[in-house]
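Some notes on the structure that comes next.
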Amino acid sequence: MGHAPQDERQAAGVEWAFRAAAEGAQRARFERLAERLHAVGALPVITDGARRAAEDEARHAGVCARLAEGLGASAAESPPVHFVTLPTLPAAARVLYEVVSVCCVTESLNAAVLTTTLEVASDRAVRAAVRALLRDEVGHARLGWAHLTREAQRVDVAFLGPLLPAMLAASVREEVFARVAVPPEEGAARDDYGRLTLALRGALVREALTAVVLPGLEGCGVPVEPARRWLDARAPPGA
Ligand SMILES: [Fe+2]
Ligand SMILES: [Fe+2]
């Protein structure tokens with residue numbers, strides 16, 4: 001059932017081409033967030049952080065595209081950027097919702113996937129690219145936690161609780177599963193290039209949500225029971 005190394009290499013290239021497009025999407029999200037954070041009077045350190053994050057993502061897109069090319073894949077077409085938002089919310093609440101989606105959820109999941117990729121990948125070029133991304137993504141997640149923590153001191157953030165299932169569904173689908181290139185029937189949960197199967201990614205996402213994201217939200221005063229129920233319904237323990 002093994003695949004030729006050349007196939008693995010090519011498939012890894014395709015995955016990194018998808019990642020390049022995803023990094024480009026995060027860039028667009030952070031650019032929009034920086035403007036909106038500024039408009040609702042967020043702390044300059046947060047607004048500036050979002051601007052720098054957009055620059056990071058532009059750099060990441062280049063790192064991923066070069067790696068994909070080096071692995072023999074051509075650039076993936078960038079789909080239109082999907083913004084996870086809720087237009088019916090008042091401006092400041094809507095920006096908080098978007099920050100939680102982009103930073104606290106998506107970047108935390110990104111960091112978890114990259115951390116595991118670094119653990120399993122042996123290919124030098126892949127490891128160098130993952131290292132180039134990982135520290136920044138952790139910083140991008142922290143930016144969200146900083147904004148949420150500050151907002152929680154000024155306003156009631158409990159309104160986010162019932163909104164979490166839809167936010168998680170959209171964020172997880174967009175950022176984690178949309179670009180998965182390893183079919184679960186391929187057997188090995190990993191290869192030299194750090195590709196993870198859908199099953200392993202699913203388990204990772206579940207673990208990161210359960211151990212990092214939901215406790216972080218709860219610590220800021222966001223009720224997470226609806227999110228826990230959503231998670232349990234989608235990925236029962238031991239499944
Ligand atoms: Fe990134
Ligand atoms: Fe990021």
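Index from 1, following the sequence. First listed ligand is number 1; within each ligand, the first listed atom is number 1. Note that the structure is a prediction, hence the values are computed from the model and not measured.
A salt bridge between Glu218 and Arg228 is present, with a side-chain N of the basic residue lying under 4.0 Å from a carboxylate O of the acidic one. Ion pair Arg27/Glu23 not flagged as a salt bridge, since none of the NZ, NE, NH1 or NH2 atoms sits closer than 4.0 Å to an Asp/Glu carboxylate oxygen.
Closest N/O/S atom of His60 to the Fe ion (ligand 1): ND1. In Glu107, the N, O or S atom that comes nearest to the Fe ion (ligand 2) is OE2. Nearest to the Fe ion (ligand 2), among the N, O or S atoms that Glu57 has, is OE2. Take the N/O/S atoms of His140: the one nearest the Fe ion (ligand 2) is ND1. As for Glu137, its N/O/S atom nearest the Fe ion (ligand 2) is the one called OE1. Taking the Fe ion (ligand 1) as reference, Glu23 places its N/O/S atom OE1 nearest.
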For Asp136 and Arg59, run salt bridge (charged side-chain N to carboxylate O under 4.0 Å, His left out): C-alpha distance rounded to whole Å, both residues' side-chain angles, the deciding distance at 0.1 Å, then the answer.
-> CA-CA 11 Å; Asp136 291 339; Arg59 195 172 60 247; 2.9 Å; yes
Take Glu15 and Arg201 through the salt bridge (charged side-chain N to carboxylate O under 4.0 Å, His left out) test and state the conclusion after the steps.
-> CA-CA 13 Å; Glu15 185 166 319; Arg201 283 177 97 112; 3.1 Å; yes
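Just one residue in the list Glu57, Gln26, Arg135 forms a side-chain hydrogen bond (donor to acceptor under 3.5 Å, both in side chains) with His140, and that residue is Glu57.
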